[in-house]
Amino acid sequence: MSIKRILSHVYDRGRAVRLWSPLISKTRSAYIRVRDALDSYADKITPRGRFWQAVFIPGVPLAVMGLVYGACAWIGVESSADCPPSTLLHLAIPALQERPSECRELPLVADLPSVALGFTSTLAVTIYLILIKRLAGLQRGLVASGLVKSVKFREGRLAERLALLHERIRPARWVKGVLLAFSFLGSCYLYWAAYKGGRAFSDLSAISREHPSEEVLRASWWANYEEHFGLALTWIGVGMFGIYFAAKQAYIYQKLVMFSINSRKHWEFQYVPRDRDDDFGWKPVGEVNAIVYLGFLNFAVSLFAVAYLLQGAPGGSGNAVIGAMALLGILANLGIVLALLWVMVRNHRKIIVRKRAEVKRRLLEREGRTAASRGLTTSVRGGSRGKSVVRRRAVARRRLPRRSGGPTAAHGRSAGETEAAYLSVQGMLLSEAPRWYPLRGRLRPLLSVAPGLFAFYKAGGELVKLIQ
């Protein structure tokens, strides 16, 4: 190879390196920005106040379903005069079954299973974001309520376990990638089951006056990929995000359950009286419980919709999927509900028992001091009877200033009265304090278990079908 050709090759290679280096640098910078945005998006888009969080939770699902409705309206498959929203309402309330129906197609508003699944899927996203927000503020809330001293979060074994939890509570990026791929495949499977063997077509054909064939109803379905490919992708995309965020929520639940078990001996809770907080300092935990209860209810509704879609899945695979989904949901949701209740009830009971024993001990000590003081006064008076009148008057004059206006006597009397009033109020508050569930709304724990019972019922029914 000649020198000229070698120099030309080196020049071309150097020019290519100069061209590629800025592109590689910009790509790397863009990747870092996207990665940081994905790591912090939950904190940026989630509102802080409780009122706005209550608006955010249902507002986003309603907005998403509104966009889907707008896209269907633009195409003309959002509704039909012969197919009102109550067409398939008997799926949820059998008493409202409509017979006969004039419906010969399946628009969006009449597709109750798809609408329910779409709403619960987007609701799973907002529930996850609010859960992350409240977990992030839980430590600060516990300190502000007085339930836990701030030093416990900075030193000791509890601080070490909390630091380890913060590192592991969010899944790694490769885990997120796997979950996203699994969610996409799961949503595609649900769409395939709904399109090929969904019961909505057979039920609608059965209740319609003209009994159109399932093929005719399937062709008129608003999410039919052959006629409306974009809406089919929307159906799959909404379901994918619902599965993805539900899986991430289950992952966080598993980490929290393990943390509550492993750190149960390292917590040191303080007594917060009712006159300071109606929830005895447990309100931050109650706010996390509330979002967990809502997630459990959302899971139960989505399980109902998925079970309906998969009952007619080709190949008989629907029953196995329903059973597996129900069991995993029970383990994740019911596990975190019971773990949070166990931590709160167990430690609240220990606090009340400890504080009652402390107040009782201080009352006994005060009674002992009072009895000793009365005995000393009686002995002094008895010993002065044999003295002269002049001596007794002199003693009385020396004691009179201290009894009437002396600072020592006044301060002692004031401190004793303050202590007696404090112990009396604390005793009254402790007598009214519940020994088990500290939060207001005693029926809430029982209602939170209801979705689990429903999920267990569905899982058992589908497993029985598989065995038979």
Side-chain angles (χ1 to χ4, degrees), residues 35 38-43 46 123-143 147-148 152-154 156-183 186 241-269 282 284-299 302 324-347 445 448-449 451-452 455:
R35 183 191 63 186
L38 291 176
D39 289 340
S40 60
Y41 75 95
D43 184 66
T46 308
L123 188 61
V125 178
T126 56
I127 288 175
Y128 171 82
L129 296 176
I130 296 297
L131 176 66
I132 292 296
K133 192 75 172 181
R134 294 190 178 181
L135 286 176
L138 181 60
Q139 177 177 329
R140 183 172 60 255
L142 291 176
V143 173
L147 193 64
V148 181
K152 295 299 178 181
F153 292 123
R154 298 193 304 265
R157 297 295 302 276
L158 179 61
E160 296 175 0
R161 293 191 177 276
L162 277 174
L164 189 62
L165 176 66
H166 288 313
E167 295 177 1
R168 298 180 178 180
I169 194 170
R170 297 202 177 191
R173 290 185 178 86
W174 69 269
V175 177
K176 294 179 181 179
V178 172
L179 289 178
L180 192 61
F182 171 79
S183 302
F241 280 105
I243 297 174
Y244 175 69
F245 280 95
K248 291 179 66 175
Q249 191 170 335
Y251 178 86
I252 292 178
Y253 285 172
Q254 182 263 336
K255 294 296 182 182
L256 290 177
V257 169
M258 297 306 299
F259 171 77
S260 63
I261 294 175
N262 295 330
S263 63
R264 63 186 184 278
K265 297 181 180 179
H266 307 303
W267 288 96
E268 292 185 14
F269 295 99
W282 291 96
V285 181
E287 292 176 347
V288 175
N289 281 352
I291 202 67
V292 170
Y293 297 158
L294 181 59
F296 206 170
L297 180 61
N298 186 59
F299 163 74
S302 63
M325 178 181 174
L327 289 178
L328 291 176
I330 290 172
L331 292 176
N333 289 277
L334 195 58
I336 188 63
V337 167
L338 295 179
L340 290 175
L341 288 177
W342 175 72
V343 170
M344 184 167 52
V345 170
R346 174 176 176 269
N347 289 282
S448 67
V449 182

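Any value given below was found using the heavy atoms of this structure, including those in side chains, with hydrogens, waters and symmetry copies removed.
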Check your understanding: Is the shortest heavy-atom distance from the side chain of Val257 to the side chain of Leu338 under 4.5 Å?
Key -> no
Exercise for review: Look up atom CE in Met258 and atom OG in Ser263, then write down how far apart they are to the nearest 0.5 Å.
Suggested key: 10.5 Å
Review point. Would you say the side chain of Val343 lies within less than 4.5 Å of the side chain of Phe259, judging by non-hydrogen atoms?
Key: no
Exercise for review: State, yes or no, whether a side-chain contact exists between Val337 and Asn333 at a heavy-atom distance under 4.5 Å.
Suggested key: no
Check your understanding: Does any non-hydrogen side-chain atom of Phe296 lie less than 4.5 Å from one of Ile336?
Key -> no
Point to revise | Close side-chain approach of Thr46 to Ile132, heavy-atom, < 4.5 Å | key: no
Review point. Which heavy atom of Tyr128 sits nearest a heavy atom of Lys248, and at what distance?
Key: OH-CE, 3.1 Å
Review point. How many angstroms lie between atom CG of Leu179 and atom NZ of Lys176, to the nearest 0.5 angstrom?
Key: 10.0 Å
Practice item. Check Gly242 against Ala124 and note the closest heavy-atom contact, atom names and distance. Key: O-CB, 4.1 Å
Check your understanding: Do Leu256 and Leu135 touch side chain to side chain, with heavy atoms closer than 4.5 Å?
Key -> yes
Check your understanding: Does the side chain of Phe245 come within less than 4.5 Å of Ile127's, by heavy atoms?
Key -> no
**Study point:** Nearest heavy atoms of Arg134 and Glu287, plus distance in Å
**Key:** NH1-O, 2.8 Å
Practice item. Report the distance from atom NZ of Lys133 to atom OG1 of Thr126, rounding to the nearest 0.5 Å. Key: 14.5 Å
Check your understanding: Do the side chains of Trp282 and Phe269 get nearer than 4.5 Å, heavy atoms only?
Key -> yes
Point to revise | Rounded distance (nearest 0.5 Å) linking atom CG of Leu131 with atom CD1 of Ile291 | key: 7.0 Å
Point to revise | Sequence-distant partners of Tyr251, side chain to side chain donor-acceptor pair (under 3.5 Å), two or more places apart | key: none
